[in-house]
Amino acid sequence: MSSLEATVSKMSTSPQPAKSLAIEKIKQILGEGRFIEHKDEMIPFLTEWRGFYTGDALLVVFPENVQMVSDVTKICAEAGISIVPQGGNTSMCGGAVPSSEGNAIVLSMSKMNKILSIDTTNYTMTVEAGCILQNIQEAAKAEDRYFPLSLAAEGSCMIGGNLATNAGGTNVLRYGNARELVLGLEVVLPDGRILDQLTGLRKDNTGYDLKQLFLGSEGTLGIITKAVLKLFPAPKSINAAYCAVPNISAALELLNCARVESGDSVETFELISRQVLDLVLKHIPGTRDPLTESYEYYVLLEIVSTKQDDNETRKNFENMLEKALESELILDAAIAQTEQQRQEFWALRENATESQKLEGTSIKHDISVPISSIPTFYETAWQAILGVEPKARLIAFGHAGDGNLHFNVAQPKNSPSKDFLAKWADINHAVHEVVKQFNGSISAEHGIGQLKKDELPNYKSSIAIDVMRVIKDALDPKGIMNPGKII
Ligand code: FAD
Ligand code: MLT
Ligand code: ZN
């Protein structure tokens, strides 16, 4: 490197004077213990959990209330400093980490983690955005209520992140995505103003429903600071079965039967392929196959009742499974007799992501197609992948009841990760072209972030992208909110 280059690169990592002043002001406003400035300590906040993305930042801040978020945002807007909102940093698409330019601050919501109130009559809960999802579920349970959003990252993801990504998870079939579980929001806008829409109303037609803009916006339009969440009656009788099915079409027929026979109270309908099961059994200690023989596909099915000891629902559930066995929609099934057994079934599903990570590199596709198109999509997309990498391993599983599959591809056995990674774009392209053929989505639940930003224009109409751009520019004219994500 020439001495001129060395000077330039050194300068680019130290902020300009106006930015330095702004950073000092932010530190002063927040006070000790509410920011990190040393690079080593910042690393966990700058690194995506799979290690695919690492960034740089001027500061990581931990505001404790909405006023602090607003003050920090105002200073950043004036000084042109970017803000990357961060929850649990479990994003699957590099959404919560800054770019390597080093001119952003990361705004962690982790100190805004209070459950503010629960109204059992209104069936609502008001929370700060940094509450861990599992803590919200437990707080609802303690009041004999239910917050149904559930995903494998629930022990570390935060509700602000869930809302900013419009998270899906395993209960969408019955309760909808995160978007459908929100009644009110408080948001700090990119200029620092506080938009207070924190109502617990189920009906409100006073103009545009502004909260919808921020749900699923991945931190590009503002910082979600509080939310009013919808609650439901607590489930009291949970019937869970782990079913082997002959093929995916049979799985979908089983879904239909289960919906009809249960009075449409199917809570979960998750597809697990044998390859996924094998990875989980290999990498996750204490897991075991509940069935004696090996099958190609499985479904984890749950039907829930809010009545205690609901024997009628149990009987219907067992009869439905019996009929499905007779008509060969199911080849074999295990019904959970205890909560412990139910948790064992769930371990096979919830560890799909972790076991893939332990197995090596995988290229993820988080797609959705109409439920009726899943079987043909599955075959067509698999053939398309084999056309790119004949030794690829398909790791397909997920929310079949929502038409959403995690159509992930693991690196071939005994071949270097770098050879597989070199095919990343081609494999993505192969799968996404098939998604397009079926009028599907290239991101059913994880979002666009950095990972799919370049792909988006190929799969979203230019008019839709224009409208998104107009909204972004109107709310964030300086482009400081989570730059480099989505558009
Ligand atoms: P982060 O990763 O911190 O942030 C995600 C995005 O939201 C970023 O763009 C960030 O800037 C923005 N953001 C965060 N907080 C705020 C805020 N307060 N205001 C504005 N913007 C904000 N996702 C699913 O949908 N369904 C699943 O089933 C699922 N399963 C997963 C399983 C595992 C094991 C893992 C690791 C991840 C899984 N995910 C799943 C992905 C991830 O957990 C979700 O996207 C989750 O909603 C992110 O929450 P978070 O708090 O970690 O957000
Ligand atoms: C899940 O549903 O477990 C995750 O969203 C899937 C993934 O790892 O792709
Ligand atoms: Zn998922």
Side-chain angles (χ1 to χ4, degrees), residues 45 48-50 53 63 66 69 73 82-98 104 106-110 112-113 127-133 149-172 177-179 185-190 214-227 268 270-272 276 279-280 346 349-357 362-368 395-400 402 404-409 443-451 481-486:
F45 302 90
E48 182 244 9
W49 67 275
R50 285 208 290 166
Y53 296 100
V66 64
V69 177
T73 306
S82 305
I83 301 177
V84 180
Q86 192 175 90
N89 197 11
T90 66
S91 166
M92 291 276 193
C93 54
V97 291
V106 172
L107 191 144
S108 165
M109 295 304 292
S110 57
M112 292 184 63
N113 57 6
V127 298
E128 288 186 324
C131 287
I132 304 266
L133 175 56
L149 185 65
S150 177
L151 42 137
E154 64 199 20
S156 51
C157 64
M158 297 175 191
I159 192 69
N162 301 144
L163 302 184
T165 56
N166 183 29
T170 52
N171 290 333
V172 173
N177 291 292
R179 183 186 296 286
L185 273 193
E186 178 187 78
V187 178
V188 172
L189 298 174
F214 303 95
L215 300 167
S217 69
E218 300 184 43
T220 62
L221 298 179
I223 303 156
I224 298 171
T225 45
K226 293 192 192 90
T268 285
E270 295 286 312
L271 185 78
I272 303 169
V276 173
L279 285 193
V280 173
W346 271 105
R349 165 61 186 89
E350 300 250 280
N351 284 303
T353 300
E354 181 61 15
S355 57
Q356 273 173 95
K357 193 179 168 205
S362 69
I363 299 178
K364 289 178 186 283
H365 303 96
D366 159 41
I367 62 92
S368 66
I395 309 296
F397 63 99
H399 323 292
D402 314 322
N404 170 201
L405 290 185
H406 298 303
F407 211 70
N408 301 341
V409 189
S443 173
E445 52 175 24
H446 297 160
I448 299 299
Q450 309 183 44
L451 183 68
M481 289 303 311
N482 211 4
K485 316 291 161 57
I486 309 186

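Note that ligands are numbered from 1 as they come in the structure, with each ligand's atoms numbered from 1 the same way.
Residue-and-atom listing of protein N/O/S atoms under 2.8 Å from the Zn ion (ligand 3), sorted by chain and number: His399 NE2, His406 NE2, Glu445 OE2.
Looking at Pro85, Gly219, Ala152 and measuring to atom 10 (C) of ligand 1, the nearest heavy atom belongs to Pro85. Distances from atom 9 (O) of ligand 1 to the heavy atoms of Glu218, His399, Met481 put Glu218 nearest.
In terms of N/O distances under 3.5 Å, ligand 1 is not approached by Ala164. Of the polar atoms of His406, none of the N or O atoms is found under 3.5 Å from an N or O of ligand 1, judged by distance alone. Inclusion of Ala96 in the set of residues having an N or O under 3.5 Å from an N or O of ligand 1 is not warranted. Some N or O of Gly95 is nearer than 3.5 Å to an N or O of ligand 1, by distance alone. Residue Asn89 has at least one nitrogen or oxygen atom sitting less than 3.5 Å from a nitrogen or oxygen atom of ligand 1, judged on distance alone. In terms of polar-atom proximity, defined here as any N/O pair under 3.5 Å, Ser156 makes no such contact with ligand 1. Considering backbone and side-chain atoms alike, Met158 places an N or O below 3.5 Å from some N or O of ligand 1. For ligand 1, the polar-atom distance check against Gln86 finds no nitrogen or oxygen pair separated by under 3.5 Å.
The protein non-hydrogen atom at the shortest distance from atom 49 (O) of ligand 1 is Cys157 CB, 3.5 Å. In terms of protein heavy-atom proximity, atom 35 (C) of ligand 1 is closest to Met92 CE, 3.5 Å. When hydrogens are left out, the protein atom nearest atom 6 (C) of ligand 2 is His406 CD2, 3.3 Å; that is the closest non-hydrogen contact. Of all protein heavy atoms, the one lying nearest to atom 19 (N) of ligand 1 is Ile224 N, 2.9 Å. For atom 2 (O) of ligand 2, the nearest protein heavy atom (residue, atom name, distance) is Arg349 NH2, 2.7 Å. Of all protein heavy atoms, the one lying nearest to atom 45 (O) of ligand 1 is Thr165 OG1, 3.5 Å. The shortest contact between atom 50 (P) of ligand 1 and any protein heavy atom is with Gly88 N, 3.4 Å. Annotation: atom 5 (O) of ligand 2 to nearest protein heavy atom, His446 NE2, 2.7 Å. For atom 27 (C) of ligand 1, the nearest non-hydrogen atom of the protein is Glu445 OE2, 3.2 Å.
Proximity of Thr90 to ligand 1, defined as any heavy-atom pair under 4.0 Å, is shared by backbone and side chain alike. Contact annotation: for Glu354 versus ligand 1, there are no heavy atoms closer than 4.0 Å. At a heavy-atom distance under 4.0 Å, no atom of Glu350 approaches ligand 2. When non-hydrogen atoms are compared, ligand 1 lies under 4.0 Å from the side chain of Thr353 (C-beta onward) but not from its backbone. If you look at Asn162 next to ligand 1, the close heavy atoms, those under 4.0 Å, come from the backbone and the side chain alike. Of the heavy atoms in Trp49, only side-chain atoms (C-beta onward) come closer than 4.0 Å to ligand 1.
For Ala164 against Gly219, the heavy-atom pair with the smallest separation is CB-N, 4.2 Å. Here the closest non-hydrogen pair linking Gly130 and Asn113 is O-CB, 3.6 Å. Across all non-hydrogen atoms, the minimal contact from Leu151 to Cys157 is CD1-SG, 4.0 Å. Glu218 approaches Gly447 most closely through the heavy-atom pair OE2-CA, 3.3 Å.
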Checking side-chain contact (heavy atoms from CB on, under 4.5 Å) for the pair Leu185/Leu215: CA distance, chi angles, key distance, verdict?
CA-CA 9 Å; Leu185 273 193; Leu215 300 167; 4.0 Å; yes
Pair Asn171-Thr268, side-chain contact (heavy atoms from CB on, under 4.5 Å): steps then yes or no
CA-CA 6 Å; Asn171 290 333; Thr268 285; 3.3 Å; yes
Please evaluate residues Leu271 and Phe397 with respect to the criterion side-chain contact (heavy atoms from CB on, under 4.5 Å), reporting the C-alpha separation (whole Å), side-chain torsions for both, the decisive distance (0.1 Å), and the verdict.
CA-CA 5 Å; Leu271 185 78; Phe397 63 99; 5.7 Å; no
Show your working on side-chain contact (heavy atoms from CB on, under 4.5 Å) between Met92 and Trp49 and close with a plain yes or no.
CA-CA 8 Å; Met92 291 276 193; Trp49 67 275; 3.6 Å; yes
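Interface atoms of ligand 2 facing Met92, defined by a heavy-atom separation under 4.0 Å, are 4 (C), 7 (C), 8 (O). Heavy-atom contacts of Ala153 reach the following atoms of ligand 1: 32 (C), 33 (C), 35 (C), 37 (C), 43 (O) (cutoff under 4.0 Å). Close approach of ligand 1 to Ile223 is summarised as follows: ligand atoms under 4.0 Å from at least one heavy atom of the residue are 19 (N), 20 (C). If you number the atoms of ligand 2 from 1 as listed, the ones under 4.0 Å from a heavy atom of His399 come out as 2 (O). Heavy-atom contacts of Ala167 reach the following atoms of ligand 1: 25 (O), 47 (O) (cutoff under 4.0 Å). Those atoms of ligand 2 with a heavy atom of Lys364 less than 4.0 angstrom away are 7 (C), 8 (O), 9 (O). Shown in contact with Thr353 at under 4.0 Å from a heavy atom are these atoms of ligand 2, numbered in order with element: 3 (O), 4 (C), 6 (C), 7 (C), 8 (O). Short contacts between ligand 2 and Glu445, defined as distances under 4.0 Å to a heavy atom of the residue, involve ligand atoms 2 (O), 5 (O). Applying the 4.0 Å criterion to heavy atoms of Asn408 picks out, from ligand 2, the atoms 7 (C), 9 (O).
Atom NE2 of His365 is separated from atom CD1 of Ile395 by 13.0 Å, given to the nearest 0.5 angstrom. Put simply, NZ on Lys364 and CG on Asn408 are 5.0 Å apart, with the number rounded to the nearest 0.5 Å. Taking OG from Ser91 and NE2 from His446, the interatomic distance works out to 9.0 Å, rounded to the nearest 0.5 Å. Between the CG atom in Leu133 and the CG atom in Leu149 there is a gap of 5.0 Å [rounded to 0.5 Å]. Taking CH2 of Trp346 as the reference point, atom OG1 of Thr170 lies at 4.0 Å (rounded to 0.5 Å). A distance of 6.0 Å separates CD of Gln86 from OG of Ser108, quoted to the nearest 0.5 Å.
Residue contact check for ligand 2: Asp366 places no non-hydrogen atom closer than 4.0 Å to it. The closest approach between Gly222 and ligand 1 falls below 4.0 Å for a heavy atom of the residue. By the 4.0 Å heavy-atom criterion, Gly168 is counted among the residues contacting ligand 1. Within the structure, the closest approach of Val84 to ligand 1 does not fall below 4.0 Å when heavy atoms are considered. Look at Met109 and you'll find a heavy atom under 4.0 Å from some atom of ligand 1.
Every residue meeting the side chain to side chain contact (heavy atoms under 4.5 Å, CB included) condition with Thr225, not counting sequence neighbours, appears here in chain and number order: Val66, Val69, Met109, Met112, Glu186, Val188, Ile223.
With salt bridges taken as basic N to acidic carboxylate O contacts below 4.0 Å, one links Arg349 and Glu270.
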